[in-house]
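Step one of this worksheet: look at the structure below.
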Amino acid sequence: MLVKAKGDLQAVSASRLRDGVAVWLSAGHRWMEDVADAGAFTGAALQQALAVAQADSAAGLVVDVYPLDVAVADGRTRPLHVRERMKARGPSVRPDLGKQAVTPAISRAPERAA
Amino acid sequence: MTHMPRPGAIAAAPDHSPDAAPDRHAGIYRYDDLDREFVFQRVAQFREQVRRRLSGALTEDEFKPLRLMNGVYLQLHAYMLRVAIPYGMLGTTQLRRLAEIGRRWDRGYGHFTTRQNIQFNWPALVDVPDMLHALAEVDMHAIQTSGNCIRNVTTDHFCGAAADEIVDPRVHAEILRQWSTLHPEFSFLPRKFKIAISGTPQDRAAVRTHDIGLIATRDAAGAVGFTVYVGGGQGRSPFLAVKAREFVPEADLLAYLEAVLRVYNQYGRRDNIYKARIKILVHELGAEAFLRRVEEEFARLPRGAHALDPALVEAIRAHFAPPPLERLPERSPAFDLARARNAAFARWTRSNLHPHRQPGHAIATVSLKPVGGIPGDITSDQMEALADLADRFSFGEVRVSHEQNLVLAHVRKDELYALWQGLEAIGLGTANAGLVSDIIACPGLDYCALANTRSIPIAQAIATRFADLDRQHAIGELRIKISGCINACGHHHVGHIGILGVDKKGEEFYQLLLGGDPGPQAELAEITGPGFDAAGIVDAVETVVRTYLDLRGEGERFIDTLRRLGHAPFKEALHGAA
C-alpha cells in the first residue's frame, strides 16, 4: 500500500494471483474487474470487507490487499487518488491496453470456493 | 542474379549450425553446456515454485522472494518480467526470441530500461515459466534482475567499437557477471547492488552513479587495470561515487571488489531500507574510514586464491573477438553523396553516428524516442525488422544503451544510407540521439506500483513541443531525464534538465532540476525552485531552453553555458528575481 487511505469511504483493492489483474471487492464481497463496481465501505463494513479480502489472500485468490479512498456518484465508485485512478484504467499512454481497452469480464474474476 | 530452385527441385535444407547463424559474430558471451544446464534447471525450479504457489503450498510471503529472484514483479496493472541483457549485448537470435515472447505472452511489445535490460509489462504468472523456458533456449534468463544482489553489470553501449576506447569492458563485465551469479556471500546483501564499467575515460556508462564504478585503463607498461569508484547512487539520497583506488591491477579486480562488498555486507544497514545502500554507508562512515576498512579487508584476502587467471581472462576475451570488419578507406564517396542528396539522412548522420575505430565504419544509434512515442518501447514487429537490419548491416548484433536506445555498432559507412532507409521504414530512424527529445523516462505511474506521478506523458509532451528536428539540432546536445518518484529510475539527478514527479495532495506535480551530468565531469542536478503542474513543466523546459539560446556562447552546449553562468539566470527566467 503506497497511499494511505484515510477518508470516510473506502474500497478494497487487490491483484489476482494467477495473472496480476487488478480487482476490487464488491458490496456483496465478490471480486470485480471494474472499480465502478467496487463496494464503498465505512466503519464495521470496511473492517468486514478487509477481513474477507485478507481471507481470500490467504486462500491464494488475490495478493496485495489494501484499502483506498473512493467517492460514489450515480452508483459508480471512483478512486480519489491519481495512483488508484491509474490502476483502475490502465496506462494513460496506451489506451489500447488495460481495463480501459476491454469490457470488464467479471466472470474471469477470482471466486472463492463454496 | 538471384538463384531460385528449379520447379520440382528439392531445396537444400537451411544450415542451422552455429557457424552459419547470421549472428555468429555478435559480441555476446556464448554459453557452454554447464551454463545452459544451470539456466534450464533454474527454469524448472521456478516452474515448480509457481505451481506450489498456485496450489496454496507457498504463501505470498514465501513466494515473493522466489519470484523476485527470477525477475517477476507485481506492478500496477499486472505482473512484470524483467529479462537480463548482460551489459546490453544481444544477438539477433535473442532479439527475435524477445519479439516472439512479447507477441505470444505479452501485448506485442517490450520496454528497454536504463539497466540495459528489457521488461514485459503484462505477463500472467502462470505463463512466466514458459517465458523463462523460451528465454533459456536462446541463452537468456531473468536471474538477478531483482532482489538484494548484484544486478546486471552495465557498460558503454559503444564498447568494442568506439575509437576512443582503451580496454573492451565486456570482458570484465562478463567476468563480474560470472563471479557475482549466485555468489553465496552476495545473494542477500543489505540492498541491491549495481556495478558499471567503462573502457574509456569518456565515461558513457555513468559509472559514478553506481555502487561500484570502474574505468578500465592501462598503466605505462600497457597492463590492464581499473580506476575504482565506490558509493555512488541516485534515489532519494543521491551521491557521486568516491575514488577508491586509482589503479587496481586486472589480477586483483575480483579481490578488491570482494573486499568492498564484504565491508558493505558487514557494516551496511539492514534495519532501514532507505539507508541500506552502500552510498549511505560510505557517507555515514566517511569515505576515508570506509576505504580504510576496504584496504584492511583487501590485505586479509588470500590474493592467490582470488587472482584472476590470465588464461581465464583470455578465454573470456575470445568471446568478444571483433567481427570480421573489412579494411576500408575512412572516406566513403557513397556516404558523402547520400548525405549531400538527402537532408534528412544528413541530419540523422549528425546526431546518430559515433566514430568507429575501424576506418570506413561507424556506430549507429537507433532511437527509441520517436516524437510522441514512449521512451524505450519497441514492438515485436520492430524487433524482428531491426534484427533483419542488424543481420544485414551489423553482424547480427544489437546493443541496448542505458539511455533506452539501441545501437548497431559495426556498420560500413557506404551502407549507412540503406540502413537509415530501413530504420525509417519501421519508425526507428529519428535523428535525435543526444538531443532534447532523446529523453530518459522511467515507466512512472502508467505502469509502476511505486511511482507517484506519470513520467511518460511528460516526455511525450516535451518531445512534441520540440518536434521540429531542425530546431532540436540547432539547440544541440541536451539531456533530459524524468523520474516519476524519488527512486530516480529515470536518472533525473544526472539530467542536464532533470524532472522529478511528486505527489501533491493526490495530484501530479513536477520539480525541475538543472545541471546534472552522468559523464566524465559527473555532477548532480539541483532543484531550481517551486514545482509545476503537468502543463507548466513543459513550459518551464521551454523557458530553460530559450534562456540558454539567448545566453550561449559560440559552440557551447547547454551544460557548458550552465557551468559558465551558474543557475541564477535560469532560475530568474523560471521563477523571477529573488
Side-chain angles (χ1 to χ4, degrees), chain A residues 1-7 13-24 33-35 53-66 68-71 78-102 104 108 110 112-113, chain B residues 50 52-61 63-64 67 72-81 106-109 121-128 372-375 377 441 443-460 484-485 501 503-509:
Chain A
M1 177 175 53
L2 194 68
V3 180
K4 196 170 176 62
K6 51 194 175 189
S13 182
S15 299
R16 201 160 49 200
L17 175 65
R18 288 180 63 82
D19 56 14
V21 168
V23 287
W24 293 266
E33 289 194 15
D34 188 343
V35 72
Q54 293 295 358
D56 282 353
S57 177
L61 293 174
V62 296
V63 290
D64 195 26
V65 169
Y66 63 91
L68 62 144
D69 288 334
V70 295
R78 180 177 179 275
L80 295 182
H81 195 279
V82 59
R83 177 185 191 273
E84 299 307 322
R85 293 201 296 273
M86 292 298 301
K87 181 176 177 179
R89 274 201 305 259
S92 67
V93 292
R94 288 292 304 265
D96 58 322
L97 297 176
K99 295 176 182 299
Q100 60 200 337
V102 296
R108 288 175 50 225
R112 288 178 291 280
Chain B
V50 170
R52 292 173 68 207
R53 173 70 182 113
L54 294 171
S55 75
L58 289 176
T59 66
E60 185 62 13
D61 284 347
F63 179 67
K64 185 176 178 181
R67 69 167 161 77
V72 183
Y73 287 74
L74 180 62
Q75 293 282 53
L76 208 53
H77 312 298
Y79 289 98
M80 179 268 279
L81 176 64
D106 208 78
R107 303 290 166 91
Y109 73 104
N121 286 311
W122 302 91
L125 179 61
V126 291
D127 291 333
V128 172
I374 297 174
D377 273 17
L445 200 46
D446 279 297
Y447 291 98
C448 178
L450 299 177
N452 289 322
T453 70
R454 285 173 289 174
S455 302
I456 297 166
I458 304 302
Q460 290 174 316
C485 77
D503 178 351
K504 192 172 179 182
K505 296 179 180 173
E507 298 299 334
E508 297 162 298
F509 227 63

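- Taken from CG in B/N452 to NE2 in A/H81, the straight-line distance is 7.0 Å, to the nearest 0.5 Å.
- Once rounded to the nearest 0.5 Å, the distance linking CG of B/L76 with CD of A/E84 reads 7.5 Å.
- A donor-acceptor pair is defined here as one N or O able to donate and one able to accept, closer than 3.5 Å; such a pair exists between the side chain of A/R83 and the backbone of B/A449.
- Side-chain contact check for A/P91 versus B/H77: some heavy-atom pair is nearer than 4.5 Å.
- With a 4.5 Å cut-off on non-hydrogen atoms, B/N121 does not touch chain A at all.
- At a 4.5 Å heavy-atom cutoff, the contact between A/S15 and chain B is made by side-chain atoms alone.
- Within the 4.5 angstrom heavy-atom criterion, no atom of B/P443 approaches chain A.
- Judged as a salt bridge (charged side-chain N to carboxylate O under 4.0 Å, His left out), and not counting sequence neighbours, the contacts of A/R85 are B/E507.
- Put simply, of A/G90, A/A22, A/S57, A/G98, the one with the most heavy-atom pairs under 4.5 Å next to chain B is A/G90.
- Most heavy-atom pairs under 4.5 Å with chain B, from the set A/G60, A/G20, A/A58: that is A/G20.
- Among residues two or more places apart in sequence or in another chain, the side-chain hydrogen bond (donor to acceptor under 3.5 Å, both in side chains) test is passed with B/Y79 by none.
- Neither the backbone nor the side chain of B/F63 comes within contact range of chain A; no heavy atom of the residue lies under 4.5 Å from a heavy atom of that chain.
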Report the C-alpha separation of A/L17 and B/L54 in whole Å, then their side-chain angles, then the decisive distance to 0.1 Å, and conclude whether the side-chain contact (heavy atoms from CB on, under 4.5 Å) test is met. CA-CA 8 Å; A/L17 175 65; B/L54 294 171; 3.8 Å; yes
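- Heavy-atom minimum distance, A/D64 versus B/L74: CB-CD2, 4.0 Å.
- To the nearest 0.5 Å, atom CZ of residue A/R94 and atom CZ of residue B/R107 are 10.0 Å apart.
- Both the backbone and the side chain of B/L445 come within contact range of chain A, with heavy atoms under 4.5 Å apart.
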